[in-house]
Amino acid sequence: KSQPNYLYMVPFALPALWLQAFFKNRTVLTIYIISLLPLLMFTHSGYVLFVMFLVGGFVAIYTFKFFSRGWMQFITAMFTFLAMLLVFFGFRLIDAVSGSVGVAVTYLFIGSVLMVLGYQMVYLFEKLFNLVSNSRLSELGDTSNPLLRELESKAPGTFQHSLQVMTMADKVARSIGANALLIRAGALYHDIGKMNNPQCFIENESMTRPEESEGYHSSLTPKQSARDIIAHVNDGFEIAGRYKLPDIIKDFILTHHGTGRTTYFLNKYLNEGGDPEDISEFSYPGMKPSSKEQILLMLCDSVEAASRTLKDTSAEGFSKLVEGIVAAKMKEGQFDDADISLKELTIVKQTLKSYLAQLYHERVEFPKRKAVSAR
């Protein structure tokens with residue numbers, strides 16, 4: 001059987017960090033424990049190594065969530081080193097391990113540092129296998145990056161809408177165990193196509209002259225308005241390609257309206273005597289959502305936009321709004337290709353209603369101070 005001393009410097013926790021970059025912790029922990037089992041069978045004092053690397057790996061996985069950027073990864077390495085060192089000295093006290101303490105401590109330290117250095121391979125895996133790590137998603141979720149700064153400058157209303165959708169989607173995703181990091185990034189970029197023609201969208205219109213209440217669309221036909229509105233999907237996809245956003249983010253751009261229609265302008269067209277058989281120009285050219293995260297973003301996008309016109313801010317009003325939007329999307333068949341259960345959908349609806357209630361709760365009106373009469 002192999003001697004354990006040299007094994008002390010092997011960064012066994014590194015594969016766990018690689019897996020954590022792409023998968024959920026539950027999957028990572030299971031695979032990590034299985035990967036350590038050979039230590040019990042093929043090494044001298046294997047149970048010592050197994051326990052030591054098991055504890056060190058768990059500490060690495062947990063602390064990496066908080067110290068994953070740049071030099072802070074070395075903080076993760078230090079916590080991992082200290083955890084393994086504690087286990088080592090625990091076994092040393094009961095004479096379960098022998099040999100030079102100095103050598104063992106040095107090897108454990110080297111292994112912890114190698115764990116951080118080896119983590120950089122994640123970026124190579126992203127390129128080779130077209131994957132997107134959690135670290136990359138965190139970077140995309142940083143609102144100080146150039147593309148989001150450009151969105152804020154050109155379409156400030158859309159940027160604020162995206163922030164609201166991101167916050168709402170994050171809460172909804174966590175309620176059913178969906179990927180919150182992914183949906184946060186998707187929410188921030190789903191409407192970047194509006195930068196090309198910001199005044200086409202009501203949230204960006206200047207309201208300095210109330211008499212121009214219809215703004216951009218006042219001189220356009222319903223078909224022209226629908227065409228300009230719909231264009232933001234393809235525009236967003238083109239911008240995403242130019243900025244080299246991952247495909248998984250581009251998919252949010254294509255699916256946040258699915259294959260739905262620009263209902264406002266379609267109804268206006270039909271009310272003005274338009275041909276019901278000639279409505280193809282009112283349909284979005286995207287694709288139906290294929291994941292839970294894409295469905296959640298579609299719902300949050302619609303709920304956030306519709307809630308801005310909501311006059312009834314009672315529990316019944318929120319319930320009617322959410323139930324109506326979900327029912328409409330289901331009737332359109334937008335959920336046909338995605339893996340989401342009715343139970344999860346019920347939780348999503350309840351979470352959305354609760355979020356709206358918190359967002360629009362009434363505030364206490366501050367009493368005005370009475371004027372004190374001069375004597």
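Computed from a prediction, not measured in an experiment: that's the story for all the values here.
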- Item | Test salt bridge (charged side-chain N to carboxylate O under 4.0 Å, His left out) applied to D247 - qualifying residues, sequence neighbours left out | K250
Only distances under 3.5 Å count here; give the side-chain donor-acceptor pairs of residues 109-116 to other protein atoms, sequence neighbours excluded, each with its distance to 0.1 Å.
unit_1 : atom_1 : unit_2 : atom_2 : d
S112   : OG     : L108   : O      : 3.0

- Query: What closest approach, in Å, do I253 and A240 show between heavy atoms, and which atom pair accounts for it?
  - Reply: CD1-CB, 3.8 Å
- Query: What residue pairs, at least two apart or across chains, pass salt bridge (charged side-chain N to carboxylate O under 4.0 Å, His left out) with a residue in residues 325-338?
  - Reply: K288-D336
- Query: Is the backbone of A315 close enough, under 3.5 Å, to the side chain of S319 for a donor and an acceptor to pair up by distance?
  - Reply: no
- I94 reachable from V87 in the ILVMFWY side-chain graph, under 4.5 Å edges: yes
- Message: Given 3.5 Å as the limit, does a donor-acceptor pair link the side chain of W18 with the main chain of M121, or not?
- Response: no
- Query: Are F12 and F53 an aromatic pair by the rule of ring centers under 6.0 Å?
  - Reply: yes
- Message: By the definition side-chain contact (heavy atoms from CB on, under 4.5 Å), identify the one residue from I248, L182, D251 that meets it with E293.
- Response: L182
- Note on the structure: Taken in chain and number order and not counting sequence neighbours, the residues that satisfy side-chain hydrogen bond (donor to acceptor under 3.5 Å, both in side chains) with S314 are D312, E316
- Query: So, Y269 side chain and A226 main chain: donor-acceptor pair closer than 3.5 Å or not?
  - Reply: no
- Message: Tell me every residue that passes side-chain hydrogen bond (donor to acceptor under 3.5 Å, both in side chains) with Y119, counting only those two or more places apart in sequence or in another chain.
- Response: S135
- Qualifying residue for side-chain contact (heavy atoms from CB on, under 4.5 Å) with Y355, from V322, V303, T167, V172: T167
- Message: Keeping T262 on the side-chain end and F265 on the backbone end, is there a donor-acceptor pair under 3.5 Å?
- Response: no
- Item | Heavy-atom donor-acceptor pair, S302 side chain to L299 backbone, under 3.5 Å | no
- Note: K194-E203 ion pair, threshold 4.0 Å (strictly below): yes
- Message: Are there over 12 heavy-atom neighbours, none belonging to K65, within less than 6.0 Å of that residue's NZ?
- Response: yes
- Is L124 atom CG crowded by more than 12 heavy atoms from other residues, nucleotides or ligands, each under 6.0 Å away? yes
- Query: If you look only at pairs with a residue in residues 50-60, which of them pass as a salt bridge (charged side-chain N to carboxylate O under 4.0 Å, His left out), with sequence neighbours excluded?
  - Reply: none
- Specify the closest pair of heavy atoms between Q20 and N134, including all atoms of both residues, with the distance to one decimal. O-ND2, 2.8 Å
- Query: Ion pair present between E323 and K349, side-chain N to carboxylate O less than 4.0 angstrom?
  - Reply: yes
- Item | For the student: nearest non-hydrogen atoms of K244 and R136, plus distance | O-NH2, 3.7 Å
- Hydrophobic cluster membership, W71 vs F79, 4.5 Å side-chain cutoff: yes
- Message: Using a 6.0 Å cut-off, check whether atom CZ of F91 has over 12 heavy atoms from anything other than its own residue.
- Response: yes
